[in-house]
Asks: 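Okay, handing you the structure first.
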Amino acid sequence: MTRVASRKRRHTSIRLTVEGDATRPRLAVFRSLNHIYAQVIDDSRGVTLAAASTLDAALKGAAKRTKVEEAAAVGSAIAERAKAAGVAKVVFDRAGFKYHGRLKALADAARAAGLEF
């Protein structure tokens, strides 16, 4: 089984138990080789309430940052946008990735910005 297939199998297993609703939407995170993406999703309605990624013009800075620093910036941005949409508590969906490195930096920054997991 390849690394990608293993992650997709873990993600499917996680999604059986993690589900967002109107009171606690799901904070879904996807990590590619170069970028990281985060969405706050209400699964009961199938609506994305807030989104942020390293591709956003607001997050692209002139200063060179590491991937972990960029993930932390995305975490802060998603927390601010979620709070603007009226969301205070979320369920964290790590999408089969290890809770380590960039994912941990994003989650810690989102918590520090006021989002509750």
Side-chain angles (χ1 to χ4, degrees):
M1 188 174 275
T2 65
R3 181 179 54 88
V4 174
S6 295
R7 186 199 67 82
K8 286 186 179 182
R9 184 189 55 77
R10 284 191 305 271
H11 180 58
T12 303
S13 175
I14 290 168
R15 286 289 289 123
L16 292 174
T17 59
V18 174
E19 186 173 347
D21 55 13
T23 57
R24 283 187 73 168
R26 177 170 55 102
L27 174 60
V29 178
F30 179 75
R31 172 179 69 80
S32 71
L33 188 63
N34 296 317
H35 299 286
I36 192 160
Y37 309 85
Q39 291 181 322
V40 176
I41 304 168
D42 180 0
D43 288 321
S44 60
R45 292 187 300 154
V47 175
T48 299
L49 305 172
S53 76
T54 53
L55 295 173
D56 288 349
L59 296 177
K60 283 189 176 182
K64 186 95 167 127
R65 295 187 291 196
T66 64
K67 291 179 184 179
V68 174
E69 292 169 344
E70 287 183 343
V74 171
S76 299
I78 193 69
E80 291 170 9
R81 294 174 187 179
K83 288 174 75 176
V87 176
K89 293 184 178 183
V90 295
V91 179
F92 190 66
D93 177 13
R94 62 186 177 91
F97 296 106
K98 286 184 179 180
Y99 185 78
H100 173 75
R102 289 192 277 162
L103 243 58
K104 186 176 185 307
L106 187 145
D108 290 344
R111 281 192 193 100
L115 208 56
E116 292 182 41
F117 290 27

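Hydrogens, waters and symmetry mates are skipped; everything else that's a heavy atom, side chains included, is used.
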Asks: Quick check: do R31 and K67 have side-chain heavy atoms less than 4.5 Å from each other?
Replies: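 No, side chains not in contact.
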Asks: State, to 0.1 Å, how close G96 and I14 come at their nearest heavy-atom pair, and which atoms those are.
Replies: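 What the structure gives for the nearest pair is N-CD1, 3.7 Å.
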Asks: State plainly whether one hydrophobic cluster holds both V18 and V90, where clusters connect Ile, Leu, Val, Met, Phe, Trp and Tyr through side-chain heavy atoms under 4.5 angstrom apart.
Replies: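 Cluster IDs for V18 and V90 differ.
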Asks: Return the NE2 to CG distance between H35 and D56, rounded to the nearest 0.5 Å.
Replies: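 Those atoms lie 11.0 Å apart.
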Asks: Please say yes or no: joined through hydrophobic side-chain contacts below 4.5 Å, possibly via intermediate residues, are L103 and I41 part of one cluster?
Replies: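 Each belongs to a different hydrophobic cluster.
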Asks: For side chain to side chain contact (heavy atoms under 4.5 Å, CB included), just list the numbers for D93 and R15, CA-CA rounded to whole Å, side-chain angles, deciding distance to a tenth of an Å, and then say yes or no.
Replies: CA-CA 8 Å; D93 177 13; R15 286 289 289 123; 3.4 Å; yes
Asks: Apply side chain to side chain contact (heavy atoms under 4.5 Å, CB included) to S44 and list each qualifying residue two or more places apart in sequence or on a separate chain.
Replies: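 Residues passing side chain to side chain contact (heavy atoms under 4.5 Å, CB included) with S44: D42.
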Asks: Does I78 belong to the same Ile/Leu/Val/Met/Phe/Trp/Tyr cluster as F117, with side-chain heavy atoms less than 4.5 Å apart forming each link?
Replies: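 Yes, because I78 and F117 connect within a single hydrophobic cluster, where side-chain heavy atoms sit under 4.5 Å apart.
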Asks: Please report the shortest heavy-atom distance between E70 and N34, naming the atom on each side.
Replies: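 Heavy atoms of E70 and N34 come nearest at OE1-O, 4.5 Å.
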Asks: Passes side chain to side chain contact (heavy atoms under 4.5 Å, CB included), S6 versus R10? Steps please.
Replies: CA-CA 6 Å; S6 295; R10 284 191 305 271; 3.8 Å; yes
Asks: Checking the side chain of D43 only, and the main-chain atoms of G20 only, is there a donor and an acceptor separated by less than 3.5 Å?
Replies: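 It does hold such a pair.
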Asks: Establish whether F92 and V74 are linked, either directly or via other cluster members, by ILVMFWY side-chain heavy-atom contacts under 4.5 Å.
Replies: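 In one cluster: yes.
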Asks: Measure across R65 and L59 and return the closest heavy-atom pair with its distance rounded to 0.1 Å.
Replies: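 Looks like NH2-O, 2.6 Å.
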Asks: Output every pair passing side chain to side chain donor-acceptor pair (under 3.5 Å) with a member in residues 95-106, not counting sequence neighbours, ordered by first then second residue.
Replies: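 Every side chain to side chain donor-acceptor pair (under 3.5 Å) pair that includes a residue of residues 95-106, provided the two are not neighbours, is Y99-R111, K104-D108.
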Asks: Is the backbone of A72 close enough, under 3.5 Å, to the side chain of S76 for a donor and an acceptor to pair up by distance?
Replies: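 Yes, the answer is positive, given that a donor and an acceptor are paired below the 3.5 Å cut-off.
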Asks: To the nearest 0.5 Å, how far apart are NZ in K64 and CD in E69?
Replies: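 The CD atom of E69 is 10.5 Å from NZ of K64, to the nearest 0.5 Å.
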Asks: Just jot down the ring-ring contact (aromatic ring centres under 6.0 Å, His included) partners of F30, sequence neighbours excluded, or say none.
Replies: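 Result, ring-ring contact (aromatic ring centres under 6.0 Å, His included) vs F30: F97.
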Asks: Measure across R45 and L49 and return the closest heavy-atom pair with its distance rounded to 0.1 Å.
Replies: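 Nearest pair, atom of R45 first, then L49: NH2-CD2, 3.5 Å.
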Asks: If every non-hydrogen atom of Y37 is compared with every non-hydrogen atom of L55, which pair is closest and at what distance?
Replies: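 Shortest heavy-atom separation between Y37 and L55 comes out as OH-CD1, 3.6 Å.
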Asks: Nearest heavy-atom pair of A38 and L27: which atoms, and what distance?
Replies: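 Shortest heavy-atom contact: CB-CD1, 4.2 Å.
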